[in-house]
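One structure below.
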Amino acid sequence: MAAAAKSLSRGAFILFEGVDRCGKTTQASKLVESLNQSGVASELWRYPDRTTTIGKMIDDYLQCKADSDDASMHLLFAANRWEKKKMMEEKLRAGVTLVVDRYGYSGVAFTSAKKLPGLDQQWCKHSETGLVKPDCLMYMEISEDAAKKRGGFGEERYETTEMQKNVREVFADLREDWWNVVDADRTIEEVQKDVQTIAKDAVERCKRGKELEHFEPGW
Ligand code: DGP
């Protein structure tokens, strides 16, 4: 009788997504701190990763220091995720939990929110196909009013009311049953409490050997 495949313990890929100013960066940092304190080896990752050569081109674009074709920029954002795919898999398999601030869902949401001919959601998804799929997604849902109260927009390219409205609509469209929708209108502490409960479950599932998944064609 063939031996049953042994499921391998690994770290969890926990993703935070949402519109700008939804509080995901604060929540992701706090989560990493609390996981590490409780003995779960964790790292905070962020996309775009502006430290790589590709990331520096993205940074110039976001800060409006450089302009480029929209399709090219979409592919650069995706390439910024692809260039760290191997490292991501290695870390997860080595048992490190990765708490990630934005990923391919932002890729699809921000590019398709531009509503440009040819750059629809399906086209945007192609460049993410094959990347590691998160084990847990926390969508930080914040009302337009609460987001506005958190301070004015900065200087970056996408920080306009119209763009954020479109991004919010695409996220609503992309939403799937397995997403954890977190009410981000509450205090930092209230939100963090829920975030930690959701994360704990994902960490446990991956510890027990949940298989690593990748985005399938047409996801
Ligand atoms: P952040 O560093 O999280 O504030 O992200 C910078 C901006 O870039 C933010 O407005 C969201 C946007 N963004 C993040 N990822 C992508 C992506 O893959 N594609 C596009 N077009 N925009 C993205």
Side-chain angles (χ1 to χ4, degrees), residues 13-32 43-85 88 98-134 137-142 144 147-148 150-174 182 184 195 215 219:
F13 173 4
I14 299 171
L15 173 63
F16 283 83
E17 287 280 13
V19 295
D20 286 321
R21 291 177 301 160
C22 65
K24 62 187 174 36
T25 307
T26 305
Q27 294 297 333
S29 313
K30 283 190 166 292
L31 177 61
V32 170
E43 288 181 14
L44 178 63
W45 281 31
R46 185 168 190 181
Y47 289 103
D49 175 352
R50 304 187 194 213
T51 65
T52 70
T53 304
I54 293 172
K56 288 188 176 91
M57 293 164 77
I58 294 173
D59 187 46
D60 281 349
Y61 173 78
L62 286 172
Q63 292 193 47
C64 304
K65 289 181 189 161
D67 214 352
S68 186
D69 169 74
D70 291 283
S72 310
M73 280 319 299
H74 177 80
L75 297 173
L76 271 188
F77 274 102
N80 188 229
R81 289 181 276 277
W82 276 98
E83 64 181 335
K84 293 184 73 185
K85 179 191 175 189
M88 180 178 257
L98 301 178
V99 175
V100 181
D101 183 352
R102 291 200 188 286
Y103 197 59
Y105 298 92
S106 279
V108 177
F110 280 81
T111 300
S112 67
K114 296 177 181 176
K115 303 192 173 182
L116 296 170
L119 308 191
D120 58 14
Q121 285 186 32
Q122 221 37 55
W123 182 87
C124 290
K125 284 180 175 178
H126 280 303
S127 44
E128 311 297 325
T129 302
L131 285 173
V132 183
K133 194 174 169 183
L137 192 161
M138 305 216 210
Y139 180 71
M140 307 296 284
E141 189 164 63
I142 188 164
E144 267 183 74
K148 269 184 202 148
R150 292 187 179 180
F153 288 123
E155 303 283 292
E156 291 207 329
R157 188 176 287 266
Y158 298 141
E159 295 179 354
T160 65
T161 307
E162 175 69 10
M163 185 66 181
Q164 297 294 319
K165 182 177 156 282
N166 293 349
V167 167
R168 186 184 292 272
E169 283 170 11
V170 184
F171 272 129
D173 224 32
L174 291 174
V182 177
V195 161
F215 286 108
W219 62 278

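Both backbone and side-chain heavy atoms feed into the values below; hydrogens, waters and symmetry mates do not. Here the structure is a predicted model, which is why all the values come from computation and not from measurement. When a residue number appears, it is its place in the shown sequence, counting from 1. Just so you know, ligand 1 is whichever comes first in the structure, and atom 1 is the first atom listed for that ligand.
Summary of contacts: the protein heavy atom closest to atom 12 (C) of ligand 1 is Tyr158 CD1, 3.7 Å.
Counting atoms of ligand 1 from 1 in the listed order, those under 4.0 Å from a heavy atom of Ser106 are 15 (N). Proximity to Thr111 (heavy-atom distance under 4.0 Å) selects the following atoms of ligand 1: 21 (N).
Considering backbone and side-chain N/O atoms, Asp20 comes within less than 3.5 Å of an N/O atom of ligand 1. Checking only distances, Arg81 does come within under 3.5 Å of ligand 1, N or O to N or O. Taking any N or O of Glu156, backbone or side chain, none lies under 3.5 Å from an N or O belonging to ligand 1. For a threshold of 3.5 Å applied to N or O pairs, the pair formed by Lys114 and ligand 1 contains no separation below that value.
Relative orientation of the Phe171 and Tyr139 rings is tilted, given thresholds of 30° and 60° on the angle between their planes. The aromatic rings of Phe215 and Tyr105 sit perpendicular, their planes meeting at an angle over 60°, well past the 30° parallel limit.
Here Asp20 does not pair with Arg150 in a salt bridge; the nearest charged N to carboxylate O distance is not below 4.0 Å. Salt bridge Lys165/Glu144: absent, no basic N to carboxylate O contact under 4.0 Å. For Lys84 and Glu43, the salt-bridge test fails: no basic side-chain N is under 4.0 Å from an acidic carboxylate O.
Tyr103 and Lys133 are not linked by any side-chain donor-acceptor pair at a separation below 3.5 angstrom, with hydrogens and angles left out of the test.
Within the structure, ligand 1 has Arg46 among the residues with a heavy atom less than 4.0 angstrom away. At a 4.0 Å cut-off, not a single heavy atom of His74 sits close enough to ligand 1 to count as contact.
Residue-level proximity to ligand 1 for Pro48 is carried by the side chain, the only part with a heavy atom below 4.0 angstrom. Contacts with ligand 1 closer than 4.0 Å are made by side-chain heavy atoms of Leu62 only, the backbone lying farther away.
No more than 12 heavy atoms of other residues, nucleotides or ligands shown are found within 6.0 angstrom of CE on Met57.
Taking all heavy atoms of Arg102, Glu17, Arg50 into account, the minimum distance to atom 6 (C) of ligand 1 is reached by Arg50. In this comparison of Phe16, Phe110, Tyr61, Tyr47, the heavy atom closest to atom 11 (C) of ligand 1 sits on Phe110. Of the listed residues (Phe77, Tyr105, Tyr103), the one carrying the non-hydrogen atom nearest atom 13 (N) of ligand 1 is Phe77.
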*When you look at Phe77 and Leu62, which way does the side-chain contact (heavy atoms from CB on, under 4.5 Å) test go after all the steps?*
CA-CA 11 Å; Phe77 274 102; Leu62 286 172; 4.1 Å; yes
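Considering all non-hydrogen atoms of both residues, Leu31 and Ile14 come closest at CD2-CG2, 4.2 Å.
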